[in-house]
Amino acid sequence: MAVHLVRGVRSGCESGAGRGRGLFQSLQIGMRTMSVAAPSYDFETLRVSQARDCVLHVELNRPEKRNAMNKALWREMVECFNKITQDADHRVVVVSGAGSMFTAGIDLMDMAGDVLQPQGDDTARKAWHTRKTILQYQESFSVIEKCPKPVIAAVHGACIGGGVDLITACDIRLCSQDAWFQVKEVDIGMAADVGTLQRFPKVIGNASLVSELVYTARKMMADEALSCGLVSRIFEDKEAMLEGAFEMASEIASKSPLAVQGTKLNLIYSRDHSVKDGLDYIATWNMSMLQTDDLVKSAQAAMEKKSPRDVPYSKL
C-alpha cells in the first residue's frame, strides 16, 4: 500500500459521525487510496503532525536558534505548503513555533551571502540576481496565501521581522498573552520586502499605525495587536493558545471543504479587486459550485437539527 505515515501525520479525514466506525472505515480509506501516495512531510526546519482530524500542525522547528529563518526554512515552507495544497486528507493548517518563541526573524548569518554578495560581474547583473532571490523568498509566504486551505497562525513570545511577513499571509492570527510583534527591517538597514508592507496595511486597516510601526521598529504587545486587529484572540499561555487554535481549526474542518476553500479564494480575490469585480467573480464561481452535493447534505442536516460535524463531506 502506497499510503504511509510521517512524523505523526496519518491518512484519513474523519467526520464526527464516522469516528465510531473504527477499523472498517480505516480499511475503506485504505482501499480508496491504495494507489495514491500520501504526502511525505519530512523536513529539516519544520515539524509537521496531525493535530486533529483533518487538521495539520506545522511548527517552525529551530528552537535552539529561536526559530530564526535560515535558507532551508525559506525553501521548505514552499515545499510544505505546496504539498498541503494537494493533500486531500487535511483541510485546515495551524502554524506555530517550537520552543520559547514564534520566531526571531531572518537568520542573518545564514542568509547574508545572498543579500551582500549577489551573483554577477556588474551592477545590473548583481541587481538582476538580487531581484530573483527576493522573489524566491517572497514565495515562501505567498505560498501560504495561495494555499486554498485556511491557515491559522498561533504566536507565542516574539514574532520579529520575517515572522510578521509570515503571519500576515495567514488567514487567522491568534496569540498568547506574552506575544509581541516587531517589524525590525529598518533597524538592519533595509525595507521589508517579502510581504509585510503589502499585507500588514490591509490586515489592520490603519495607515498611521502601520507607518509608525515600520518606521520606528518598535515592539507591539499582544493587547495592542488585538485592539488594532492584527490578531483576533489572546490566550493566557502557549498551551491554551494551541488548544484554542486546534479547536477552531477542527470546527472549520468539519464544514464542507468546497465551501470553506471557495470562501478563502473569494476573500483574497475581493481584497485585491473592486466590489463589482468581486461580485462578478463569486457569481462565476458559484454557477458551478452551487451544484455540489454538499449543499444538499448541509440543508438536510440543518433540517434535522444536526451539526456540520455529523455530515460526511467527501474529500476535495
Side-chain angles (χ1 to χ4, degrees), residues 45-46 58-62 65-82 84 93-98 101-108 110-112 114-115 130-147 150-175 179-207 209-220 222 225 228-232 268 271-272:
T45 65
L46 302 173
V58 176
E59 288 182 278
L60 309 184
N61 192 35
R62 301 185 75 214
K65 297 291 186 179
R66 303 189 301 166
N67 295 323
M69 299 174 174
N70 64 356
K71 285 183 280 189
L73 189 146
W74 291 89
R75 181 185 69 252
E76 290 183 342
M77 286 292 289
V78 177
E79 296 173 5
C80 181
F81 276 89
N82 280 336
I84 291 171
V93 184
V94 174
V95 177
S96 72
M101 66 173 60
F102 186 73
T103 179
I106 64 173
D107 188 330
L108 290 172
D110 183 73
M111 297 176 61
D114 285 351
V115 177
T130 297
R131 182 178 187 274
K132 179 180 177 181
T133 298
I134 293 170
L135 291 174
Q136 289 174 337
Y137 287 141
Q138 288 175 351
E139 184 64 15
S140 296
F141 301 143
S142 291
V143 72
I144 297 174
E145 189 173 81
K146 292 176 184 177
C147 178
V151 181
I152 301 172
V155 180
H156 76 289
C159 178
I160 302 171
V164 179
D165 293 297
L166 190 164
I167 67 170
T168 51
C170 297
D171 301 284
I172 298 169
R173 288 161 296 278
L174 312 175
C175 75
W180 53 275
F181 307 82
Q182 186 177 24
V183 183
K184 185 71 172 173
E185 281 81 355
V186 294
D187 277 352
I188 58 172
M190 64 174 288
D193 58 6
V194 291
T196 288
L197 301 184
Q198 293 69 40
R199 296 188 177 101
F200 192 28
K202 295 180 179 180
V203 167
I204 70 172
N206 185 328
L209 179 57
V210 168
S211 296
E212 176 191 341
L213 292 169
V214 302
Y215 295 158
T216 67
R218 75 166 174 85
K219 297 178 182 179
M220 179 167 64
C228 77
L230 178 60
V231 301
S232 54
I268 292 172
R271 180 197 66 190
D272 298 332

Considering all heavy atoms, the nearest [X]-[Y] contact:
X    : Y    : result
V231 : C175 : CG2-SG, 4.0 Å
L46  : C80  : CD1-CB, 3.8 Å
C147 : I84  : SG-CG2, 4.0 Å
F181 : V155 : CE2-CG1, 3.9 Å
V203 : G229 : CG1-O, 4.0 Å
A68  : L73  : O-CD1, 4.5 Å

(request) Applying side chain to side chain donor-acceptor pair (under 3.5 Å), name anything that partners K202, two or more places apart in sequence or on another chain. (result) D272
(message) Please determine whether the number of non-hydrogen atoms from other residues, nucleotides or ligands lying under 6.0 Å from atom CZ of R66 exceeds 12.
(response) no
(message) Can you confirm whether R131 is buried at CZ, in the sense that more than 12 heavy atoms of other residues, nucleotides or ligands lie under 6.0 Å from that atom?
(response) no
Check for a donor-acceptor pair, side chain of [X] on one end and backbone N or O of [Y] on the other, with a separation under 3.5 Å.
X    : Y    : value
R173 : L230 : yes
N67  : M101 : yes
E59  : S96  : no

With a 4.5 Å heavy-atom cut-off, do [X] and [Y] have their side chains touching?
X    : Y    : value
S142 : R199 : yes
S232 : L174 : yes
Q138 : Q198 : no

(request) Decide side-chain contact (heavy atoms from CB on, under 4.5 Å) for M77 and M69; before the verdict, give the C-alpha distance in whole Å, the side-chain angles of both, and the deciding distance to 0.1 Å. (result) CA-CA 10 Å; M77 286 292 289; M69 299 174 174; over 6 Å; no
Just how far is it from atom [atom1] of [X] to atom [atom2] of [Y], taken to the nearest 0.5 Å?
X    : Y    : atom1 : atom2 : answer
L135 : S140 : CG    : OG    : 11.5 Å
N70  : T45  : CG    : OG1   : 6.0 Å
H156 : W180 : NE2   : CH2   : 12.0 Å
T103 : K65  : OG1   : NZ    : 13.0 Å
I204 : L213 : CD1   : CG    : 6.5 Å
T196 : I167 : OG1   : CD1   : 8.0 Å

(message) Between F141 and W74, is the ring centroid distance below 6.0 Å?
(response) yes
(request) Report the C-alpha separation of I106 and I188 in whole Å, then their side-chain angles, then the decisive distance to 0.1 Å, and conclude whether the side-chain contact (heavy atoms from CB on, under 4.5 Å) test is met. (result) CA-CA 11 Å; I106 64 173; I188 58 172; 4.2 Å; yes
(request) Verify side-chain contact (heavy atoms from CB on, under 4.5 Å) between D165 and E185, making sure each step is shown before the conclusion. (result) CA-CA 11 Å; D165 293 297; E185 281 81 355; 3.6 Å; yes
(request) List the steps and the verdict of side-chain contact (heavy atoms from CB on, under 4.5 Å) for L60 and L166. (result) CA-CA 11 Å; L60 309 184; L166 190 164; 4.3 Å; yes
